[in-house]
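As structure tokens, the structure follows; a few thoughts come after it.
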Amino acid sequence: MHTTGEPTRIVYSGFPELRGTLLEQRALTRSHHDYIRRSLIYEPRGHRDMYGAILRPRTELVDAGQAHMGVLFLTHEGYSTMCGHATIAISRLLVDCTDTALFPRRDELLFDEERKEVEVRLHVPCGLVRATVPAIKSSDSGNWCADTTRTIHYLSVPSFAAGIGLSVPIPPSLRWPNLGDRENVIVDVAYGGAFYIVLPAPALGFSPSLAHPDIAALSDATKKLRAAFNASAELRSYLHHPDHEDLQFLYSVFVTEPGRGVPAPESAGAETGLCFFADQQVDRSPTGSGVQARVALAVEKGERKLGQRWTYHSIVSNAYGGKGGFTGTPVEETEIGGRRGVRVRVSGWANYTGFGTFVVEEGDEVGGGFSLE
Ligand SMILES: O=C(O)[C@H]1NCC[C@@H]1O
């Protein structure tokens with residue numbers, strides 16, 4: 001499937017049997033079954049920016065009846081903890097799926113007759129995400145399918161601003177050409193199921209406009225910024241999450257341009273972002289988890305009120321006149337590990353690109369997956 005051009009290659013069958021909690025399954029997949037990620041995400045089947053997901057029908061939250069399905073996320077680097085664009089795609093797939101062999105909890109989904117929508121609860125590595133998929137029900141069969149005229153939305157795990165206006169010292173070995181003679185870069189850090197650095201392009205020494213970004217130069221700068229951030233124990237201490245140490249790492253640097261893009265209906269404003277995540281993949285979608293992080297920052301800075309909807313574009317949604325932009329709305333204040341957090345409602349669209357079977361032949365070493373880097 002794709003969400004504003006960002007792929008999600010979804011494994012719904014054929015994955016080895018795994019037991020344990022979702023985070024244990026994630027660790028086991030990394031240690032014993034990483035060849036599957038490499039064969040699906042790397043060349044020759046995938047590419048540098050491919051993204052994937054593995055459906056996990058048994059997890060502790062599924063078994064407890066709190067979630068309908070578990071999910072592991074795959075990047076070019078490894079296994080991410082949250083993914084909004086894949087959440088939107090997978091929840092549509094599950095609403096359309098009638099096969100209980102693939103989706104054992106399918107019969108627990110409920111069609112809301114009044115709102116004409118179906119709620120799908122996904123257990124993802126960072127917690128429980130509630131997605132709502134608009135749907136159409138057939139009066140003959142009683143079956144439903146996703147209604148693609150309306151957006152899918154999901155309610156996030158608690159998101160929070162972790163640090164505002166932090167100064168990152170850039171050592172001489174990590175300077176990039178646009179930095180000029182500056183020795184520090186000022187960043188915000190926020191959590192939206194994963195930790196994000198968020199900063200406007202001029203903070204890196206680039207023009208404010210993301211209309212025609214120099215992606216290679218921005219990738220070089222954000223990679224070096226991330227290395228400089230990670231080199232400081234004091235800065236790394238901002239990546240603290242009370243739930244689990246698996247969540248405590250810097251996932252992405254998000255470069256933003258406030259004000260750019262068409263606001264979606266009933267949205268108070270718009271902005272554009274370019275997200276470099278994992279090992280410098282570029283997100284084509286507006287990045288759901290990054291939207292959560294950016295909304296949490298806006299609330300913390302007093303720029304956004306509860307209930308205020310805002311539009312978030314990627315360079316792809318802007319290229320299509322705003323189609324495929326996400327919206328993000330802080331809907332509820334919450335407390336997380338003694339600090340203020342918000343739950344964010346993120347809306348977007350996803351489409352199918354195909355259904356297929358992948359094969360790796362015995363002895364085909366190249367076909368097991370390679371990357372030109
Ligand atoms: O939408 C998201 O949250 C994801 N897209 C790729 C990077 C993030 O995990």
Side-chain angles (χ1 to χ4, degrees), residues 1-10 26 37 40-41 46-54 71-93 122 124-131 151-159 190-198 215 218-219 222-223 226 241 246-247 249-256 271-297 310-317 324-328 343-351 353:
M1 300 182 78
H2 82 94
T3 311
T4 323
E6 179 69 1
T8 310
R9 187 161 272 174
I10 304 164
R26 180 170 175 260
R37 180 187 64 85
L40 292 173
I41 300 294
H47 54 78
R48 187 72 188 69
D49 292 310
M50 179 53 80
Y51 200 97
I54 302 168
V71 183
L72 295 175
F73 298 123
L74 311 179
T75 68
H76 187 268
E77 180 184 48
Y79 300 85
S80 71
T81 53
M82 176 56 199
C83 181
H85 91 266
T87 293
I88 290 169
I90 291 165
S91 43
R92 176 173 173 198
L93 174 72
L122 296 179
V124 302
C126 67
L128 186 69
V129 173
R130 293 165 178 267
T151 53
I152 294 169
H153 60 257
Y154 72 84
L155 199 59
S156 75
V157 295
S159 303
Y191 177 83
F195 280 98
Y196 282 80
I197 282 181
V198 180
I215 293 178
L218 279 164
S219 179
T222 53
K223 185 177 180 178
R226 184 205 290 243
H241 195 283
D246 280 15
L247 303 172
F249 66 98
L250 182 58
Y251 179 51
S252 163
V253 178
F254 215 142
V255 184
T256 61
E271 53 191 82
T272 291
L274 182 54
C275 171
F276 296 91
F277 68 97
D279 56 1
Q280 297 302 107
Q281 287 183 236
V282 176
D283 197 346
R284 276 65 174 156
S285 87
T287 315
S289 50
V291 165
Q292 297 168 216
R294 287 158 70 190
V295 169
L297 279 169
W310 205 260
T311 302
Y312 292 87
H313 285 293
S314 65
I315 54 176
V316 174
S317 63
F326 288 0
T327 63
R343 282 193 194 274
V344 182
R345 188 169 62 219
V346 178
S347 313
W349 313 77
N351 291 90
T353 51

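Counting starts at 1 for both ligands and their atoms, in listed order.
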Residues forming a side chain to side chain donor-acceptor pair (under 3.5 Å) with S252, sequence neighbours excluded: none

Partners meeting side chain to side chain donor-acceptor pair (under 3.5 Å) with W349 (sequence neighbours left out): none

S219 side-chain N/O to I215 backbone N/O, donor-acceptor pair under 3.5 Å: no

Between T256 and E271: side-chain donor-acceptor atoms closer than 3.5 Å: no

Residue list, salt bridge (Lys or Arg N to Asp or Glu O under 4.0 Å) with R284, at least two apart or on another chain: D49

For T8 against A53, the heavy-atom pair lying closest together: CG2-CB, 4.0 Å

Could you pull out every N or O of ligand 1 that sits under 3.5 Å from a protein N or O, with the distance for each pair?
residue: ligand 1; atom: 1 (O); partner: G84; partner atom: N; Å: 3.3
residue: ligand 1; atom: 1 (O); partner: H85; partner atom: N; Å: 2.8
residue: ligand 1; atom: 1 (O); partner: G288; partner atom: N; Å: 2.7
residue: ligand 1; atom: 3 (O); partner: G84; partner atom: N; Å: 2.7
residue: ligand 1; atom: 3 (O); partner: G288; partner atom: N; Å: 3.4
residue: ligand 1; atom: 3 (O); partner: S289; partner atom: N; Å: 2.8
residue: ligand 1; atom: 3 (O); partner: S289; partner atom: OG; Å: 2.6
residue: ligand 1; atom: 5 (N); partner: H85; partner atom: ND1; Å: 2.8
residue: ligand 1; atom: 5 (N); partner: D283; partner atom: OD2; Å: 2.7
residue: ligand 1; atom: 9 (O); partner: M82; partner atom: O; Å: 3.1
residue: ligand 1; atom: 9 (O); partner: Y251; partner atom: OH; Å: 2.8

